Q: 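Please find one structure pasted underneath; my questions will follow.
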Amino acid sequence: MDDSYILKNVEQVRTQVQRALSRRSRPADAVRIIAVTKSATSDVLPLLANAGIFDAAENRWQVARDKFEHPAAKRFEWHFIGSLQTNKVKYIVPRFNWVHSVDRLELARALSQEAVKQSRTLNVLLQVNIAREPQKHGFFAEDVKAVAGAVVALPNLVLRGFMAMAPKVNDMEETRPVFRAMDELLAKTRQTLGLPQLTELSMGMSEDYPVAVEEGATMIRVGRYLVGHPGGAKEE
């Protein structure tokens with residue numbers, strides 16, 4: 001993998017994002033592109049930085065550990081996007097700025113306790129299983145209001161919004177109702193609970209991010225289309 005390859009990928013994703021934003025008359029800076037680096041080596045970090053990408057995501061602490069040792073790692077804002085066991089929060093809290101995958105109150109409480117212990121403030125997103133898929137983690141939509149109210153009260157956590165993954169489909173247009181429902185859920189929760197900081201929607205991956213952007217995503221998690229190769233696995 002070389003610099004030109006990454007630059008080309010980043011340019012293509014940026015172009016698609018800007019087109020999607022334009023179709024909905026959203027501001028040009030409304031979406032943050034997060035590079036999912038789990039399938040890449042740490043050498044990809046300076047290449048991404050050279051291309052203007054300064055957000056990186058990992059879904060396993062064991063894989064992320066080596067990347068944090070790279071000198072370029074300090075240039076990034078780091079996002080944890082995978083399933084997380086409570087006994088691993090001590091590794092996550094000091095190194096990550098965001099946790100997108102808060103899928104149970106027990107985890108939120110553990111993150112809060114560790115953040116207090118380490119004098120850190122952590123941005124968190126509630127993972128919502130908006131399509132109610134049995135194989136996926138996350139809160140159901142009807143439980144989000146109560147959960148959000150509980151998480152907001154936890155010290156050293158800042159609840160910023162929600163994260164979701166759409167079902168795997170052949171046509172990205174089939175994801176539109178799911179993303180639209182997430183946007184509506186965020187707006188409703190923000191208004192009902194009076195939480196102006198609830199502004200972030202982490203949704204959209206390599207195969208469906210244009211639709212996610214059209215339907216309100218503020219963060220897209222793109223792996224294969226940025227740092228992978230044709231035929232690579234989808235990021236989750």
Side-chain angles (χ1 to χ4, degrees), residues 24 26 30-32 34 57 59 79-86 88-89 92 96 98-115 122-205 207-221 234-236:
R24 287 294 190 268
R26 298 183 65 196
V31 172
R32 187 186 304 200
I34 301 173
N59 69 340
H79 304 251
F80 190 83
I81 61 173
S83 297
L84 181 59
Q85 298 176 339
T86 55
K88 295 294 192 301
V89 300
I92 302 303
F96 287 84
W98 295 76
V99 175
H100 292 223
S101 48
V102 176
D103 58 1
R104 58 200 189 281
L105 271 174
E106 176 193 18
L107 175 58
R109 294 187 181 107
L111 287 167
S112 172
Q113 291 172 3
E114 190 64 28
L122 193 64
N123 296 299
V124 297
L125 305 177
L126 298 184
Q127 182 171 342
V128 180
N129 187 351
I130 192 69
R132 307 180 73 92
E133 295 180 271
Q135 74 275 22
K136 287 183 180 176
H137 299 283
F139 301 102
F140 292 148
E142 62 267 25
D143 300 323
V144 163
K145 177 183 173 182
V147 173
V151 172
V152 165
L154 294 173
N156 292 54
L157 295 189
V158 181
L159 179 61
R160 299 291 301 276
F162 304 150
M163 183 270 268
M165 291 180 285
K168 294 181 179 180
V169 294
N170 294 323
D171 180 357
M172 75 169 71
E173 279 297 321
E174 296 178 46
T175 65
R176 192 175 297 279
V178 172
F179 294 140
R180 185 171 296 167
M182 285 299 304
D183 187 50
E184 293 170 353
L185 180 64
L186 182 72
K188 180 180 179 181
T189 308
R190 180 172 58 240
Q191 181 177 13
T192 302
L193 295 181
L195 298 174
Q197 78 271 23
L198 231 61
T199 59
E200 303 298 328
L201 269 183
S202 171
M203 60 186 192
M205 300 190 296
E207 282 73 17
D208 56 22
Y209 72 85
V211 174
V213 171
E214 289 183 6
E215 297 301 333
T218 64
M219 298 176 171
I220 57 172
R221 310 180 304 274
K234 292 182 181 179
E235 69 280 359
E236 295 183 1

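What you see is a predicted model; the values in this text were computed from it and never measured. For the numbers below, each heavy atom of this structure counts, side chains included, while hydrogens, waters and symmetry mates do not.
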Q: Quick one: which of R160, H100, H79 gives a side chain to side chain donor-acceptor pair (under 3.5 Å) with N123?
A: R160
Q: Roughly how far, to the nearest 0.5 Å, is the OG1 atom of T218 from the CE atom of M203?
A: 8.0 Å
Q: Keeping R221 on the side-chain end and M165 on the backbone end, is there a donor-acceptor pair under 3.5 Å?
A: no
Q: Nearest 0.5 Å please: distance from the CG atom of L122 over to the CG atom of L159.
A: 11.0 Å
Q: Assess whether atom NZ of K136 is packed by more than 12 heavy atoms of other residues, nucleotides or ligands within 6.0 Å.
A: yes
Q: Applying side-chain contact (heavy atoms from CB on, under 4.5 Å), run through L125 and V102 and close with a yes or a no.
A: CA-CA 6 Å; L125 305 177; V102 176; over 6 Å; no
Q: Name the one of L111, L126, V158 that satisfies side chain to side chain contact (heavy atoms under 4.5 Å, CB included) with V151?
A: L126
Q: How far does CD1 of I81 sit from CE of M219, to the nearest 0.5 angstrom?
A: 11.5 Å
Q: So which heavy atom on E114 is nearest to which on V89, and how close?
A: CG-O, 3.9 Å
Q: Can you measure from CD1 (I220) to CG (L201) and round to the nearest 0.5 angstrom?
A: 13.0 Å
Q: Carefully, step by step, assess R32 and E200 under the rule salt bridge (Lys or Arg N to Asp or Glu O under 4.0 Å).
A: CA-CA 10 Å; R32 187 186 304 200; E200 303 298 328; 5.5 Å; no
Q: Might you point out which heavy atoms bring L198 and G161 nearest each other, and give the distance in Å?
A: CD1-N, 3.9 Å
Q: Donor-acceptor pair, R180 side chain versus E215 backbone, under 3.5 Å?
A: no
Q: If the condition is ring-ring contact (aromatic ring centres under 6.0 Å, His included), which residues does F80 pass it with, not counting sequence neighbours?
A: F96
Q: What closest approach, in Å, do P155 and S112 show between heavy atoms, and which atom pair accounts for it?
A: O-OG, 2.7 Å
Q: Could you go through the side-chain contact (heavy atoms from CB on, under 4.5 Å) check for V31 and R26 one step at a time?
A: CA-CA 9 Å; V31 172; R26 298 183 65 196; 4.0 Å; yes
Q: Are there more than 12 heavy atoms of other residues, nucleotides or ligands under 6.0 Å from atom CD of E173?
A: yes
Q: Spell out, as yes or no, whether a donor-acceptor pair under 3.5 Å connects the side chain of S101 to the backbone of S83.
A: no
Q: Between E106 and R109 (salt bridge meaning N to carboxylate O under 4.0 Å), is one present in this structure?
A: no
Q: Any chance you could measure E142, atom CD, to L185, atom CG, to the nearest 0.5 Å?
A: 10.0 Å
Q: Can you name the nearest heavy-atom pair linking H137 to Q127, along with the distance?
A: O-NE2, 3.2 Å
Q: Take a 6.0 Å sphere around CG of N170 and say whether it holds more than 12 heavy atoms from other residues, nucleotides or ligands.
A: no
Q: Looking at CD of Q191 and CG of L186, how far apart are the two atoms once the value is rounded to the nearest 0.5 Å?
A: 11.5 Å
Q: Is any side-chain N of the basic residue among E133 and K168 closer than 4.0 Å to the acidic one's carboxylate O?
A: no
Q: Give a yes or no answer on whether the side chain of T192 reaches the backbone of T189 with a donor-acceptor pair at less than 3.5 Å.
A: no
Q: Check A57 against I34 and note the closest heavy-atom contact, atom names and distance.
A: CB-CG2, 3.5 Å
Q: For Q85, look at atom CD and say whether over 12 heavy atoms of other residues, nucleotides or ligands are found less than 6.0 Å away.
A: no
Q: For the residue pair I130 and A164, what are the closest heavy atoms and their distance?
A: CG2-CB, 4.5 Å
